[in-house]
Amino acid sequence: MSALLISLLRALIEVAMLALLGQGLLGLIAGTTRQHNPVWQLLRLIASPAVRLMRWLLPAAILDRHVPALTFLALLWLWLWLAWWRQQP
């Protein structure tokens with residue numbers, strides 16, 4: 001796989017991770033009113049493809065409220081793996 005494609009994938013993963021991180025921080029600040037916050041809605045829109053994919057991959061026993069955190073961790077591992085793979089000759 002070319003270095004350009006790996007860099008593009010890493011950039012997309014970074015955007016999704018930052019959106020999830022922003023959602024988490026805004027959720028701590030805004031509390032229960034976060035659903036009406038336009039910034040929260042934008043971050044949710046950005047991160048929703050990754051979260052929906054993770055929800056589809058995870059078993060039904062996993063609660064929906066845990067899916068964003070698990071998505072962030074999976075994206076982090078994928079981002080690190082792509083960084084390692086890019087360094088391989």
Side-chain angles (χ1 to χ4, degrees):
M1 194 182 290
S2 74
L4 179 63
L5 184 57
I6 292 173
S7 296
L8 180 64
L9 286 172
R10 287 188 74 214
L12 289 172
I13 290 170
E14 287 171 3
V15 168
M17 284 178 24
L18 288 172
L20 286 167
L21 187 62
Q23 268 188 296
L25 292 174
L26 189 58
L28 290 174
I29 295 169
T32 58
T33 62
R34 65 181 175 254
Q35 299 296 334
H36 305 292
N37 188 318
V39 175
W40 170 271
Q41 292 171 356
L42 176 65
L43 293 173
R44 187 179 63 193
L45 178 70
I46 293 169
S48 65
V51 173
R52 280 196 316 259
L53 176 64
M54 194 65 161
R55 175 73 270 176
W56 182 73
L57 292 173
L58 289 172
I62 304 294
L63 298 175
D64 285 341
R65 65 181 174 167
H66 296 149
V67 174
L70 293 172
T71 303
F72 181 83
L73 291 174
L75 287 173
L76 178 63
W77 279 107
L78 183 58
W79 184 79
L80 290 170
W81 181 74
L82 285 171
W84 174 80
W85 195 18
R86 187 175 62 177
Q87 298 300 323
Q88 298 304 310

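Quick note: numbers below take in every heavy atom, side chains included, and nothing from hydrogens, waters or symmetry partners.
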Colleague: Shortest non-hydrogen contact from L82 to I6?
Modeller: O-CG2, 3.6 Å
Colleague: Where is the tightest heavy-atom contact between L43 and G22, given as atom of each residue plus distance?
Modeller: CD1-C, 3.6 Å
Colleague: Roughly how far, to the nearest 0.5 Å, is CG of L20 from OG of S48?
Modeller: 9.5 Å
Colleague: Can you name the residues that form a side chain to side chain contact (heavy atoms under 4.5 Å, CB included) with L12, not counting sequence neighbours?
Modeller: none
Colleague: Restricting to side chain to side chain contact (heavy atoms under 4.5 Å, CB included), what partner residues turn up for A74, sequence neighbours left out?
Modeller: M54
Colleague: Name all pairs fulfilling the salt bridge (Lys or Arg N to Asp or Glu O under 4.0 Å) condition that reach into residues 80-89, sequence neighbours left out, sorted by first residue then second.
Modeller: none
Colleague: Kindly state each residue pair satisfying side-chain hydrogen bond (donor to acceptor under 3.5 Å, both in side chains) with at least one member in residues 55-69, sequence neighbours excluded.
Modeller: R55-D64
Colleague: Can you find a pair of side-chain heavy atoms, one from T71 and one from V67, that are under 4.5 Å apart?
Modeller: yes
Colleague: Roughly how far apart are L57 CG and I62 CD1, rounded to 0.5 Å?
Modeller: 12.0 Å
Colleague: A47 and A16: which non-hydrogen atoms are nearest, and at how many Å?
Modeller: CB-O, 4.3 Å
Colleague: Can I get a per-line list of side-chain donor-acceptor pairs under 3.5 Å for residues 26-42, giving both atom names and the distance, sequence neighbours left out?
Modeller:
{"residue": "T33", "atom": "OG1", "partner": "A30", "partner atom": "O", "Å": "3.0"}
{"residue": "R34", "atom": "NH1", "partner": "G31", "partner atom": "O", "Å": "3.2"}
{"residue": "Q35", "atom": "OE1", "partner": "R44", "partner atom": "NH1", "Å": "3.1"}
{"residue": "N37", "atom": "OD1", "partner": "V39", "partner atom": "N", "Å": "2.8"}
{"residue": "Q41", "atom": "NE2", "partner": "Q35", "partner atom": "O", "Å": "2.9"}

Colleague: Return the CG to CG distance between L78 and L9, rounded to the nearest 0.5 Å.
Modeller: 7.5 Å
Colleague: To the nearest 0.5 Å, tell me how far R10 CZ sits from L75 CG.
Modeller: 12.5 Å
Colleague: What pairs with L76 under side chain to side chain contact (heavy atoms under 4.5 Å, CB included), at least two apart in sequence or on another chain?
Modeller: M17, W79, L80
Colleague: Are W81 and W77, when compared by the centres of their aromatic rings, separated by less than 6.0 Å?
Modeller: no
